[in-house]
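Notes follow once the structure below has been shown.
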Protein chains: 2
Amino acid sequence: MNEASPVLRKSAATRQRVLDAAARIFRERGYAATTLGDIAEAAGLRTASLYYHFESKEELVEEVLRIGTTLVSDAVRRAVEDLPAEADFRTRLTVAIATHLDALLRLTDYTSADIRIIGHVPPEVRAKVWPLREAYGEFWQELLRSGRANGAIRAGADLGLLRVLILGTLNYASEWYKPGLKPVGAIAAEATAMVLDGILAPSAMHRQPA
Amino acid sequence: MNEASPVLRKSAATRQRVLDAAARIFRERGYAATTLGDIAEAAGLRTASLYYHFESKEELVEEVLRIGTTLVSDAVRRAVEDLPAEADFRTRLTVAIATHLDALLRLTDYTSADIRIIGHVPPEVRAKVWPLREAYGEFWQELLRSGRANGAIRAGADLGLLRVLILGTLNYASEWYKPGLKPVGAIAAEATAMVLDGILAPSAMHRQPA
DNA sequence: GTCTATATTACGATAGAC
DNA sequence: GTCTATCGTAATATAGAC
């Protein structure tokens, strides 16, 4: 009964509106440039009222970051785990890249806000949400390890370096992506092709003079 | 004589100290979180004295961004142009990637400040420095066009998409790179291998079960 | 739960002495 | 060229009425 009482439901709904507004404005303007007044106005209340739901600006942004990381991580883990057990490395990586980009660019403001502001929040906030991000990084590391164990990945590759390079390729899309220009699926296809096979023509002689 | 007069030299030297301090602190803390007091203190003077050298915080950050973009752009253009005329596409792209990363991660604070804060400065500032960035993007676009004309790049590739994916791969390194962990040359080598040839083993059968 | 009112602090910027 | 002093504004956060 408690969980469904009208008061608690109203509180939860308002809290959600505040979080949604915060995610959107943090993504657009960055952390420091966003004021609690901006967020309150977008959520339809006064600045002071935010403090009923969150103790501080830092606690609010921490929750936004936590939600953003969790949404991407859960979506990608689920998509890869739902593949048939026989799925090869190429298939797994293709699905991981497509799902990561879809969560980042299409799903919600939380995911892009996360990537865009994580490097600009106060260090204490970053430290608090770091374990979540590390766990997601470890998922990718394990994905790459399994690929190398299968002989799918080039033997000499530095997997830790590859992981940050691949995730960098995908995450930086939140800096240049504008809805409507290119379908997210087309971006995912081009990124997957580059990461897996490179940009060179498959059988061409690559030493022609310019 | 004017250029070398003691007063002008002192002014230019102080202006340079202010710019250097600004680049470093903007890179570390972001644009909005950096105060003119932070910059003045690092440069060894008072906040009000900054206004002798720059009209506003926005004019100061604009100059930092301009220097950052120019340093990367000039370094990469020069390195590619200095290659022998017969150099093939693989060589050109390898040099472009290595030089871009070296300028970004090793050269100065201006280049990494540029990448880290460009998405967080006021829109009017971004608009003012945009032509410089577009010109550098056009250089890369032309590099890729020449690669496709040679048959070096996969025919179906979307060159505009490839350009932002490649530059994203490189630029995102300014978010995770820490001096001393990996030599910049090793990062460049891994990035070049991925972009050109992908991460898969060259001749392996890629369909093994996980 | 949300409000008005306000405390407190700190910012960007200007004035004017030196 | 750089300083001290200060203006005007706006931010986070708190107090207390409703």
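Not measured: the values here are computed from a predicted model. Order of the sequence lines sets the chain letters (A, B, ...), proteins ahead of strands, with each chain counted from 1.
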Could you please name the option among [options] that lies closest to any side-chain atom of [X]?
X	options	result
A:Ser11	C:dG1, D:dG1, C:dA13	C:dG1
B:Leu36	C:dA13, C:dG1, D:dT12	C:dA13
A:Arg46	C:dT4, D:dT2, C:dG12	C:dT4
A:Ala48	D:dA13, C:dT2, C:dT4	C:dT4
A:His53	D:dG1, C:dT2, D:dC3	C:dT2

Open item on the list: Any carboxylate oxygen within less than 4.0 angstrom of a Lys/Arg side-chain nitrogen, looking at B:Arg154 and A:Asp197?
Closed with: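 No, B:Arg154 and A:Asp197 are not salt-bridged.
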To the nearest angstrom, how far is [X] atom [atom1] from [N] atom [atom2]?
X	N	atom1	atom2	result
B:Glu41	D:dC3	CD	C1'	16 Å
A:Lys57	D:dA10	NZ	C1'	12 Å
A:Tyr31	D:dA11	OH	P	14 Å
B:Arg9	D:dG1	CZ	P	11 Å
A:Glu58	D:dA11	CD	C1'	14 Å
A:Leu50	C:dT2	CG	P	10 Å
B:Phe54	C:dT14	CZ	P	15 Å
B:Arg17	D:dG1	CZ	P	12 Å

Open item on the list: What contact category does A:Thr47 fall into here, base, sugar-phosphate, or nothing, at under 4.0 angstrom with non-hydrogen atoms?
Closed with: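 No contact at all - A:Thr47 keeps every heavy atom at 4.0 Å or more from the nucleic acid.
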Check whether any side-chain nitrogen or oxygen of [X] sits under 4.0 Å from OP1 or OP2 of [N], and answer yes or no.
X	N	answer
A:Ser49	C:dG1	no
A:Tyr51	D:dA13	yes
A:Thr35	D:dA10	no

Open item on the list: Check for me whether A:Lys182 meets the cation-pi criterion with A:Tyr177, that is, NZ or CZ under 6.0 Å from the six-membered ring centre and within 45 degrees of the ring axis.
Closed with: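 Here A:Lys182 fails the 6.0 Å and 45° test against A:Tyr177.
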Task: B:Asp114 and its salt bridge (charged side-chain N to carboxylate O under 4.0 Å, His left out) partner, picked from B:Arg133, B:Arg66, B:Arg126 - done: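 Answer after filtering B:Arg133, B:Arg66, B:Arg126: B:Arg133.
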- [ ] May I ask you to decide if A:Ala103's main-chain N or O and A:Thr111's side chain share a donor-acceptor pair within less than 3.5 Å?
- [x]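 Indeed, once roles are kept as given, a pair shorter than 3.5 Å links the two residues.
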Task: A:Asp38 side-chain N/O to A:Thr35 backbone N/O, donor-acceptor pair under 3.5 Å - done: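 Confirmed, A:Asp38 side chain pairs with A:Thr35 backbone.
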Open item on the list: Both A:Asp38 and A:Glu55 contact DNA chain D. Which one's nearest nucleotide lies toward the 5' end?
Closed with: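 It is A:Asp38, whose closest nucleotide lies nearer the 5' terminus.
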